[in-house]
Amino acid sequence: MKELGRRCSLCNKKAVVYIPYQRRYYCKDHFVEFLINKVRSTIKRYKLIKNRDKVLVALSGGKDSAVMMDILFKLSKDFGFKLAAVHIDLGIEGFSDESRKVVEQQARRLGANLVVVRLNEILGVGLTELSRKARRPPCSVCGLVKRYLLNLAALVSGASKLALGHNLDDIMAYALKGFLTQDLRYISKLGPSTESIDDLAVGRIRPLYEVYESETRLYAQLLEIPVVKSRCPHFRPNQMEVELKNVINDIEQERPGMKLSFIRRFVRNIQYYPGINEDIIPCKYCGMISSTGECSFCRLTKRIFGEPMGPRAKRYLKDLFDVQNLWT
Ligand code: FES
Ligand code: ZN
Ligand code: ZN
């Protein structure tokens, strides 16, 4: 931890961080409190969680989702919601084992209930093999599989919200990328929450919407939250996103608070971006959300295995959630 040689602006302890957009130094305890309060006001500002909600947290093993879980856990009593976690084990050699062990530690340190969904147990193959068979880049198959299984897990578990760990830097880079590529429909999906659609989709929330990436990193370090050390072997950084994040951080350094004012104005204007007015037709195989009557998971798996695997995934998840009383 870098020694700043300054005192906390709120007490006399040693400062561990300076927050330029607040012009404040914080000691460890006051920084932790500051970040918890920031998430608390994000939840209130965007009405992300209601009393008695059942919030399912998507834990990946990385710092953002772990910090989100830690903070939501601390806020759950105040807001009166229940919390549980889900992890998708993609069966990627080495990396997935490490990720699973880390999320188990993350859940254990909070005493939170965790369900691990194993792709291998549903399809008989892991992500690497699946993307090879699909002849598609692993990251694109990964995104599709995770979106499908997380939504299905949330539905089957009876969750009323699915919490995703995207931070402010992620959202801002995605939004600028959407603007530069003029993918305006994509931008319309970058709000702090989405609505639930009866029996088809559980509303998603982004509690770290106003939290800087540097803040989640520091919070995880200060509280010694275990996080995955290695990188997914399939990970290929999106060069445009990386460069945009660098530019955003340069501007933030010149104009502290720019990211925050961007995101707040962005939310006010998001209604002007053309949304996706696709039809909503339940998948004829698994009954999940689709726009054509065949969801992308069933379409992909039917092409590869000759059989849509959505119904199998549904049965698997039902068995999995039956044996664990998740919301106690
Ligand atoms: Fe999805 Fe690596 S974690 S491809
Ligand atoms: Zn202090
Ligand atoms: Zn389907």
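What you see is a predicted model, and the numbers here were worked out from it, not measured in a lab. For the numbers below, each heavy atom of this structure counts, side chains included, while hydrogens, waters and symmetry mates do not. Both ligands and their constituent atoms are indexed starting at 1 by order of listing.
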Find out whether Leu152 and Lys314 are in side-chain contact, i.e. whether some heavy atom of one side chain is under 4.5 Å from a heavy atom of the other.
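Yes, their side chains come closer than 4.5 Å.
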Do me a favour and list the nearest non-hydrogen protein atom to atom 1 (Fe) of ligand 1 with residue, atom name and distance?
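I find the closest protein heavy atom is Cys142 SG, 2.1 Å.
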Please report which non-hydrogen protein atom sits nearest to atom 3 (S) of ligand 1, along with the residue it belongs to and the distance in Å to one decimal place.
Cys232 SG, 3.6 Å
Check the orientation of Phe266 and Phe262. Use parallel for under 30°, tilted for 30 to 60°, and perpendicular for over 60°.
parallel
Whether [Y] and [X] form a salt bridge (side-chain N of Lys/Arg under 4.0 Å from carboxylate O of Asp/Glu) is what I want to check.
X      : Y      : value
Arg109 : Asp70  : yes
Lys259 : Glu210 : no
Asp170 : Lys245 : yes
Arg40  : Asp78  : yes
Glu129 : Arg132 : yes

Using a cut-off of 2.8 Å, how many protein N, O or S atoms sit around the Zn ion (ligand 3)?
4
Between atom CE of Met288 and atom OH of Tyr148, what is the distance when rounded to the nearest 0.5 Å?
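The distance works out to 5.5 Å.
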To the nearest 10 degrees, how large is the angle at the Zn ion (ligand 2) between Cys8 SG and Cys27 SG?
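Taking the Zn ion (ligand 2) as the apex, the two atoms subtend 110°.
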Looking only at heavy atoms of Val141, does any of them come nearer than 4.0 Å to an atom of ligand 1?
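Flag not set, Val141 not near ligand 1.
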Under 4.0 Å from a heavy atom of Cys139: which atoms of ligand 1 are those, numbered in the order shown and with their elements?
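So the answer, numbered in order with elements, is 4 (S).
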For ligand 1, which atoms sit closer than 4.0 Å to a heavy atom of Leu127?
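Within the 4.0 Å cut-off of Leu127, ligand 1 contributes 4 (S).
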In terms of side-chain heavy atoms, does Tyr174 have a donor or acceptor partner in Glu241 at a distance below 3.5 Å?
no
The Zn ion (ligand 2) is nearest to which N, O or S atom of His30?
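Going by distance to the Zn ion (ligand 2), the closest N, O or S atom in His30 is ND1.
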